[in-house]
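A quick note: this is a predicted structure, and the numbers were derived from the prediction, not measured. Start at 1 and go down the list; that is how both ligands and their atoms are numbered.
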Amino acid sequence: MRLCIWILSSQAAEQSSFGLDLQGFQSWLTANGVKGIGTNDSKIALYTTESGERGLMCTKDVAEGEQLLNVPLRLGIVDQAPEELGDDLLEVSRLAVQLLQERSLGESSQRYPWLQVLPEEVPSLYGCFPENLYNALQGSVAECDLSKARQRAATEYAKIKDTQTIGDATEADFRWAISVVHSRAFSVPGKQGDDDISINMLMPLVDMLNHRGKECSFLLSDESEAEDNVRWDIVRPERSQTGDWEMAVSATKAIEAGEDAWLSYSTEPGSQFLLHYGFVPNRSQFEEGLPKDDAQRKECISRALEAAEEAAETAGDCPQHVDIQDKASLVKFSAGSRLDDRLFAALTSLSGGGSKGQWYATEALAKRCKELLTSPGYSHILEDLHILTSALPDEDGGYFPALKEHYTECTLPCSKDK
Ligand SMILES: C[S@@+](CC[C@H](N)C(=O)[O-])C[C@H]1O[C@@H](n2cnc3c(N)ncnc32)[C@H](O)[C@@H]1O
């Protein structure tokens, strides 16, 4: 069940705590000059479901180009502390530190109602995930990314733990703040002198937009229809609705009442989405790449694999570079909710990949992939495989020993249903 905060009557609110924190958050927003939400003529509203999912949906029809929300930047946490915190820290850690500093103010923080609705446990691979999923990811690209991210955070925490910057916040608090930053921050391009820089910021309300986008494989350059319907821009005071520097959210296409507002977060590979956002996006645009007919679809994939095997056989066990122009179009996969990125790592390498379009196939690997794809238990992969483009192997064999030794299917949280 979805509950739209703007229609929640105070009587209903008294009867249930469902949505109460969001109601407090919304009152804080309107009291602090945010435009576009919380009034009768607003076209967008916060919603929450019983399971705790939140997002923004349009409550009235919206025309393309229409501005929906105007949020003054002063309400957010904008990374302004490079001098104070030093160049030594990564940008993401600097913002995390500023979030912890704000949180340590407790109820006296001006941003308290917003901090109250930040997730206590961030549902991302880096944040917190069910233990069995971590186990299932052993040896995968995502696991490797996760362990690098954890190491990086530990190194960053070591730099600040004995300073006064984060008071008595623990390493777990720091990791929470990092995962909030990764899943909710915005990066705004700017200039410092002649240098291009980016300014990271956490922004209330805009951080409630869920993702839908135009995913791009990098490996195969299919054009596809963008599925997001809003964008954000930074607006100067002289042109803004709030009279301040603001973040304005506007519709990039007409949106009907009842539809979610969707923002495209990025075109990062699925493993990065999983790491930072806790889900893997739909990549439905790739469906058109494969024939709908099951038999033809399998035929296509097996032709691609045969081509890969051929290349591997000629190469023996050494990586071989082959022009893949004529073969790349054969390897395309449809969207779904299941993923095995070890398998995908192998496929990516078989089909070429990276900007140079090379084969890195070995015979053993080609055979293994074929076995996996054609065994009955894995037929769903033909329908459900996601494209993970960062999955190229390291030169020394990378993830492949794990792939050859064992193979574990895992089901990942998928993007919200259409
Ligand atoms: C910027 S927040 C968006 C607001 C968030 N839904 C909330 O309740 O606070 C990003 C998080 O929302 C969730 N999310 C966003 N888009 C999603 C999608 N398309 N499918 C599944 N989860 C999504 C993920 O948990 C992600 O880490």
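Ring geometry for Trp114 against Trp28 counts as parallel: the plane angle stays under 30°, on a 0 to 90° scale with 60° as the upper cut.
Listed by number with element, the atoms of ligand 1 under 4.0 angstrom from any heavy atom of Pro123 are 25 (O). In summary, the atoms of ligand 1 found under 4.0 Å from a heavy atom of Ser183, numbered by their order in the structure, are 1 (C), 2 (S), 10 (C), 27 (O). Of all atoms in ligand 1, listed by their number and element, those nearer than 4.0 Å to a heavy atom of Asn210 are 3 (C), 4 (C), 5 (C), 6 (N), 12 (O), 13 (C), 14 (N), 15 (C), 16 (N).
Residue contacts with ligand 1: Arg54 is placed with a nitrogen or oxygen under 3.5 Å of a nitrogen or oxygen of the ligand (distance criterion only). Residue Asp207 has no nitrogen or oxygen atom sitting less than 3.5 Å from a nitrogen or oxygen atom of ligand 1, judged on distance alone. At least one N or O atom of His211, backbone or side chain, sits closer than 3.5 Å to an N or O atom of ligand 1.
The distance from atom CD1 of Ile37 to atom CG of Leu69, rounded to the nearest 0.5 Å, is 6.0 Å.
A salt bridge does not link Asp228 with Arg212: none of the charged nitrogens is closer than 4.0 Å to a carboxylate oxygen.
With a 4.0 Å heavy-atom cut-off, ligand 1 is reached by the backbone of Leu209 but not by any atom from C-beta on.
Here the side chain of Lys43 pairs a donor or acceptor atom with the backbone of Asp61 at under 3.5 angstrom.
Ligand 1 lies nowhere less than 4.0 angstrom from a heavy atom belonging to Val122. In this structure, Arg212 does not count as a contact residue of ligand 1, since none of its heavy atoms falls inside 4.0 Å of the ligand.
Judged by the 6.0 Å and 45° rule, Arg103 forms a cation-pi pair with Trp176.
Ser93 approaches Phe174 most closely through the heavy-atom pair CB-CZ, 3.9 Å.
Judged as a salt bridge (Lys or Arg N to Asp or Glu O under 4.0 Å), the pairs with a partner in residues 153-163 (not counting sequence neighbours) are, in order, Glu156-Lys159.
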